[in-house]
Amino acid sequence: MPEPKPLYVLNGPNLNLLGTREPHIYGHATLADIEAACAQRAADLGRGIVFRQSNIEGQLVDWLQEARDKAGAVVLNAGAYTHTSVALHDAIKAIGVPVIETHLSNPATREEFRHVSLVGQAAKGVIAGFGAMSYLLAIEAAALLANEIESPRA
Ligand code: CA2
């Protein structure tokens, strides 16, 4: 049996600032706290993780392309690019690996410009509004989807 592929957890612009500002919207956890919690939950589910953050749209596209061969599934919090990026939409469509759009806040309850998600229109599903717990719920969904792909039922 081949090793289960890792779950990629990709984070977009400004998420490196978590825990330092706007805790009323995004909570007190830092991105390092979230990484540790994701790694633990994934390990409990028999998976490793690759956890990354970039402020650069093209870097996120490159990582999604890398995930095509290397990841079991992708948890993606694309930050503000969620609402603007045709490039991320196209990359998600291109890779054929399930992508779970993930948010700390619930964009549907916020400013109107956050109500459109170009990422969500390409993603397998969306988890939003549970603070840092959104990532753990997304890891669970990602692990289940990766299991289905790696061990399809006859
Ligand atoms: O709720 C989410 O996870 C978001 O993806 C966060 C993005 C926002 O543009 C999306 O609409 C929803 C913003 C991330 C910025 O994070 C900060 C953290 C601390 C201080 C300032 C910004």
Side-chain angles (χ1 to χ4, degrees), residues 5-45 47-68 70-146:
K5 289 182 178 176
L7 307 175
Y8 273 39
V9 185
L10 303 180
N11 295 279
N14 297 309
L15 287 159
N16 53 314
L17 300 177
L18 278 182
T20 62
R21 302 172 69 180
E22 304 198 75
H24 56 292
I25 302 175
Y26 299 120
H28 290 280
T30 65
L31 200 59
D33 294 334
I34 291 173
E35 178 175 1
C38 286
Q40 181 61 61
R41 183 61 57 97
D44 292 345
L45 297 166
R47 299 253 165 199
I49 63 166
V50 171
F51 192 100
R52 296 180 184 153
Q53 186 274 333
S54 178
N55 294 329
I56 300 167
E57 187 177 9
Q59 178 67 79
L60 294 163
V61 170
D62 283 347
W63 288 338
L64 283 166
Q65 291 186 11
E66 177 186 310
R68 178 177 153 156
K70 296 198 172 154
V74 178
V75 173
L76 174 63
N77 184 350
Y81 293 144
T82 302
H83 316 297
T84 62
S85 179
V86 177
L88 288 178
H89 175 104
D90 288 348
I92 293 165
K93 289 262 190 184
I95 63 174
V97 170
V99 173
I100 299 154
E101 178 186 354
T102 305
H103 298 287
L104 296 151
S105 66
N106 181 355
T109 64
R110 300 181 63 193
E111 303 96 322
E112 197 143 338
F113 63 82
R114 296 185 205 276
H115 295 183
V116 169
S117 173
L118 301 188
V119 164
Q121 289 173 36
K124 177 84 178 169
V126 183
I127 297 174
F130 299 97
M133 198 201 302
S134 290
Y135 280 77
L136 301 182
L137 296 169
I139 288 285
E140 303 230 351
L144 288 168
L145 290 166

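What you are looking at is a predicted structure, and each value in this text was computed from that prediction instead of being measured. Both ligands and their constituent atoms are indexed starting at 1 by order of listing.
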- Just which atoms of ligand 1 are under 4.0 Å from any heavy atom in Ala80? 9 (O)

[Y] side chain reached by [X] side chain, heavy atoms, under 4.5 Å:
{"X": "Leu18", "Y": "Asn11", "answer": "no"}
{"X": "Tyr26", "Y": "Leu15", "answer": "no"}
{"X": "Glu35", "Y": "Tyr135", "answer": "no"}

Please list the nearest protein heavy atom to [atom] with its residue and the distance rounded to 0.1 Å.
{"atom": "atom 16 (O) of ligand 1", "result": "Asn14 O, 3.5 Å"}
{"atom": "atom 1 (O) of ligand 1", "result": "Ser105 OG, 2.5 Å"}
{"atom": "atom 11 (O) of ligand 1", "result": "His83 NE2, 2.7 Å"}
{"atom": "atom 2 (C) of ligand 1", "result": "Leu104 N, 3.4 Å"}
{"atom": "atom 13 (C) of ligand 1", "result": "Tyr26 OH, 3.3 Å"}
{"atom": "atom 4 (C) of ligand 1", "result": "His103 ND1, 3.6 Å"}
{"atom": "atom 21 (C) of ligand 1", "result": "Glu22 OE2, 3.5 Å"}

- Within reach of ligand 1, part of Arg21 (heavy-atom separation under 4.0 Å): both

- Message: So for Asn77, does at least one of its heavy atoms come nearer than 4.0 angstrom to any atom of ligand 1?
- Response: yes

- Is ligand 1 less than 4.0 angstrom away from at least one heavy atom of Thr82? no

What closest approach, in Å, do [X] and [Y] show between heavy atoms, and which atom pair accounts for it?
{"X": "Cys38", "Y": "Ile139", "result": "SG-CG1, 4.0 Å"}
{"X": "Ser134", "Y": "Gly129", "result": "OG-N, 3.6 Å"}
{"X": "Lys93", "Y": "Ala122", "result": "CG-CB, 3.9 Å"}

- Query: Would you say Asn55's side chain and Asn14's backbone share a donor-acceptor pair under 3.5 angstrom?
  - Reply: yes

- Message: Quick test of your reading of the structure: of Arg110, Glu111, Arg114, whose heavy atom lies closest to atom 8 (C) of ligand 1?
- Response: Arg114

- Query: Around Arg110, counting heavy atoms of other residues, nucleotides and ligands shown, do more than 12 lie under 6.0 Å from its CZ?
  - Reply: yes

